Amino acid sequence: MSKQKITKILALILFSLFISLYIYTSAPDVHDGDSGEIAAAINEFGLAHPTGFPFYMLIGKSISLLGGHNIARTVNFLSSFFISVSVVLLFFVLRNFNIRLGAALMSATIFGLGKSVWYHAGVVAVYPISIFFVTLLLLIFSRFYKDNKNRYIYWYVFVWGLSFGTHSLMVTLLFPFAIMVWWNWVKLRKVQFILSILTLFLGPFLQYIYLPIAYTRNTLVTFGSLNTLKDFLHYITQRDYAFKIGARGISDIFPFLKVAISTLIGEYGFWFFLVSIIGVVVVFKKELKIFTILTAILLANFVMMFFYGSGGDLIFLYRYLYPSYIIMAIYIALGASWLSEKLSRRPSCILLFRLVLVVGLIFTFRTNLAYDNLRKNYIIPDLSSNIFKTVKKNSILVVDGDSVTGPLWYFQSIGQGGDVIIVNASMLVLDWYVANMNKRYPEIINLGLTNINDSNVAIRRDKRLLSLIEKNLADHNIYIAVYFSNNLIQAKKFELFPTGILYQVFPEDNLNMAQALEDSDWYWNNYVMRDVKKSKNYSFQVNAITEYYVIMLNNLGSFYFKNNQPQQALKYFEQAITVDPFNVLTNNNLKIIKKYIQEQS
């Protein structure tokens, strides 16, 4: 059997194994991060946050039509498909670089088992299709490197243009294109070539017509204002996030590199990180051109992420390093291939080396499985369900956080809680958000909010929120979820009470404490809380949800204690400790209430 046929059979096996693994471990519904927002935007043909991801939206909508009621689950499978294909494409890239079959197979496998790569293979996100485009572009480049035919340049630039409809990080793939043109510049120095390249690159940008169309629909998910060409350019260049651009300084370089490198090490494990370092040295000595291109992509990824973001964004850095994960996988293959070649004359050594690689793969699989197996993780959809269970009809619900707001939008888009008006507290500072909400709810959201300003963003947000509450409290029940502010707590015009997992806003001196406690107790007894517990195997955002449960349980327990119901207070403090046994506030409250009960007995 020819090597080419063996390669194709192994590629088919790779795809089959990974698509099965990813589907099995994928989330059962919406999950953390932008998952809910993106799923809602796909379902409603809405306008997601910049840059809008038009290509992904169109693909996602097409696939979602096949999935029945659980659209998020269907799009989770789409993520599984794109990452599975990416594993195969990387395998072909490695073979085109003349890397040994075993090393190529091992490296493609370790890439597919990567912590962040695997995680995003099971959730609604734009990153899987971006990973697909990175590996596809590298495949085209590797074919050019192997055959040196100009047609690959044309294919590359077309696919590259198309990829910008998924994520702005695709700009890091400039370097292979520049190298291809540079190598063949003498042959290509023609007006016809330049015009063809511009046409092929800019043609796919017609997909951005989707954005103004989606904007005019003014769905639940409508980010930005696209009334003019200036607005459009403002949107696609992410000017609303301009405060993040260049926010880091020289003093932030070391902390950034520390997190970035530890993220790379954590993706595949320390052993494979060492093998990748060997690969870097090998390709530097043997294939300086390949080293230049691969390292340029990796460094561009690092530089882009350093200059885009602030200190608090480092916890989300893992999402944006996928070009580096792919480059690292290539370096792992180069390192493993070189080591195999050097050890091939020593049977005992090569056998030991292969055994170490297999053990490393098994270790990476077991370690990452605990984190990436989302198949029974219902924490975020259950939170949305519990929230809708708590709010009364025609209420105003003030929320904050991507992992809370997005899923609520999604469930509303499929028909749940449709009579609830969801207001994102942090977005109230944006005039376009106020304008878009005014179009949807003119009686609730007044354009006059845009006249309330302050140089301090937090103060401006709270002033606008207080104004909104004052305007609507007489006619609507108002609830607040996952949003805490001293300005609200200290407001004299109303009272806040922990009704279930929400704060309910009551007019001043209008709170019936006995009834409020009884209602809240009923809600907690009827909530669905599957596996709500803090865990090292949950993402930061999922653990933030578990901590929110702890806060609200403690708040309710405190109200019971203040109202001379210590046994009820003990019940909620004990429930909080089951969610997070090491929470300091809960443990202190338990000590106090147990001591009080003991003294009273």
Side-chain angles (χ1 to χ4, degrees), residues 21-40 42-43 64 67-80 115-116 118-125 128 368-391 397 399-418 420 422 481-482 500-502 522-553 575-581 583:
L21 174 67
Y22 292 154
I23 288 176
Y24 179 77
T25 59
S26 65
D29 214 309
V30 288
H31 202 58
D32 64 0
D34 302 326
S35 171
E37 174 210 325
I38 299 295
I42 286 173
N43 187 36
S64 71
H69 187 67
N70 196 339
I71 293 166
R73 179 71 164 155
T74 303
V75 184
N76 289 345
F77 292 162
L78 179 64
S79 296
S80 300
K115 184 177 181 180
S116 302
W118 186 352
Y119 190 83
H120 285 115
V123 299
V124 178
N368 292 347
L369 176 64
Y371 182 83
D372 295 323
N373 186 4
L374 307 174
R375 64 188 300 261
K376 293 183 179 180
N377 194 319
Y378 289 91
I379 291 175
I380 287 178
D382 282 351
L383 176 69
S384 298
S385 176
N386 292 337
I387 288 174
F388 283 133
K389 189 178 292 182
T390 307
V391 296
L397 174 61
V399 297
D400 200 28
D402 295 340
S403 295
V404 179
T405 309
L408 290 171
W409 281 338
Y410 167 70
F411 286 111
Q412 278 200 329
S413 78
I414 60 173
Q416 299 179 27
V420 177
I422 297 173
V482 201
I501 53 173
L502 304 174
W522 185 90
Y523 288 127
W524 280 107
N525 289 333
N526 286 276
Y527 283 154
V528 176
M529 296 176 61
R530 287 173 284 186
D531 292 321
V532 175
K533 57 185 177 182
K534 192 170 184 180
S535 171
K536 65 179 181 180
N537 294 322
Y538 289 162
S539 70
F540 167 81
Q541 289 176 301
V542 172
N543 271 325
I545 298 299
T546 66
E547 283 301 297
Y548 175 65
Y549 275 104
V550 171
I551 291 169
M552 298 308 292
L553 285 164
Q575 188 173 351
I577 209 71
T578 63
V579 177
D580 182 4
N583 184 272

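Since the model is a prediction, treat every value here as computed from it, not as a measurement. All values below come from the heavy atoms of this structure, side chains included, with hydrogens, waters and symmetry mates left out.
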With heavy-atom distances below 4.5 Å as the criterion, would you say the side chains of Asp29 and Tyr410 are in contact?
yes
Gln416: what forms a side chain to side chain donor-acceptor pair (under 3.5 Å) with it, not counting sequence neighbours?
none
From Ile545 atom CD1 to Ile380 atom CD1, the distance as rounded to the nearest 0.5 Å:
5.5 Å
My understanding is that only residues two or more places apart in sequence, or in another chain, count here; which of them pass side-chain contact (heavy atoms from CB on, under 4.5 Å) with Asp34?
Glu37, Ile38, His49, Tyr127, Arg319, Asp402
Main-chain N/O of Val123 paired to Ser79 side chain as donor or acceptor, under 3.5 Å:
yes
Could you grab the distance from atom CG of Leu397 to atom OG1 of Thr405, nearest 0.5 Å is fine?
8.5 Å
With sequence neighbours left out, write down each residue that passes side-chain contact (heavy atoms from CB on, under 4.5 Å) with Phe540, or none if nothing qualifies.
Ile315, Phe316
Is there side-chain contact between Met529 and Gln575, with heavy atoms separated by less than 4.5 Å?
yes
Donor-acceptor pair, side chain of His31 and main chain of Ala27, under 3.5 angstrom:
no
Nearest 0.5 Å, please: how far is CG in Leu374 from OH in Tyr24?
12.5 Å
Kindly compute the distance separating OG (Ser80) from NE2 (His120), expressed to the nearest 0.5 Å.
12.5 Å
Locate the shortest heavy-atom distance separating Phe77 from Ser26; write the atom from each residue and the value.
CE2-OG, 3.5 Å
For Ser64 and Val75, which heavy atoms make the closest approach, and how far apart are they?
CB-CG2, 4.3 Å
What closest approach, in Å, do Gly500 and Tyr523 show between heavy atoms, and which atom pair accounts for it?
CA-CB, 4.1 Å
What residues form a side chain to side chain donor-acceptor pair (under 3.5 Å) with Thr390, not counting sequence neighbours?
Tyr527
Considering only heavy atoms from C-beta outward, does the side chain of Ile422 approach that of Val399 to under 4.5 Å?
yes
Nearest heavy-atom pair of Leu502 and Val391: which atoms, and what distance?
CD1-CG1, 3.4 Å
Which residues satisfy the side-chain contact (heavy atoms from CB on, under 4.5 Å) test with Ser539, sequence neighbours excluded?
Asp32, Tyr119, Tyr371, Gln541, Val542
Lys389 NZ: over 12 foreign heavy atoms closer than 6.0 Å:
yes
Tyr378: ring-ring contact (aromatic ring centres under 6.0 Å, His included) partners, not counting sequence neighbours:
none
Sequence-distant partners of Tyr538, ring-ring contact (aromatic ring centres under 6.0 Å, His included), two or more places apart
none
Suppose we screen for side chain to side chain donor-acceptor pair (under 3.5 Å). Which residues come up paired with Tyr549, at least two apart in sequence or across chains?
Asn386
Under the rule for side chain to side chain donor-acceptor pair (under 3.5 Å), what residues qualify as partners of Thr25, not counting sequence neighbours?
Trp118
When every non-hydrogen atom of Val30 is compared with those of Ala39, the smallest separation belongs to CG1-CB, 4.1 Å
Evaluate the side chain to side chain contact (heavy atoms under 4.5 Å, CB included) criterion for residues Val124 and Ile71: first the C-alpha distance (whole Å), next the side-chain angles of each, then the deciding distance (0.1 Å), finally the verdict.
CA-CA 10 Å; Val124 178; Ile71 293 166; over 6 Å; no
To the nearest 0.5 Å, atom CG of Leu553 lies from atom CG of Asp580 at 11.5 Å
For Ser384, what residues pass the side-chain contact (heavy atoms from CB on, under 4.5 Å) criterion, not counting sequence neighbours?
Pro407, Leu408, Phe411
With side chain to side chain donor-acceptor pair (under 3.5 Å) as the rule and sequence neighbours excluded, what pairs involving residues 528-537 come up?
Asp382-Arg530
Rounded to the nearest 0.5 Å, the CG atom of Asn43 sits from the OG atom of Ser413 at a distance of 4.0 Å
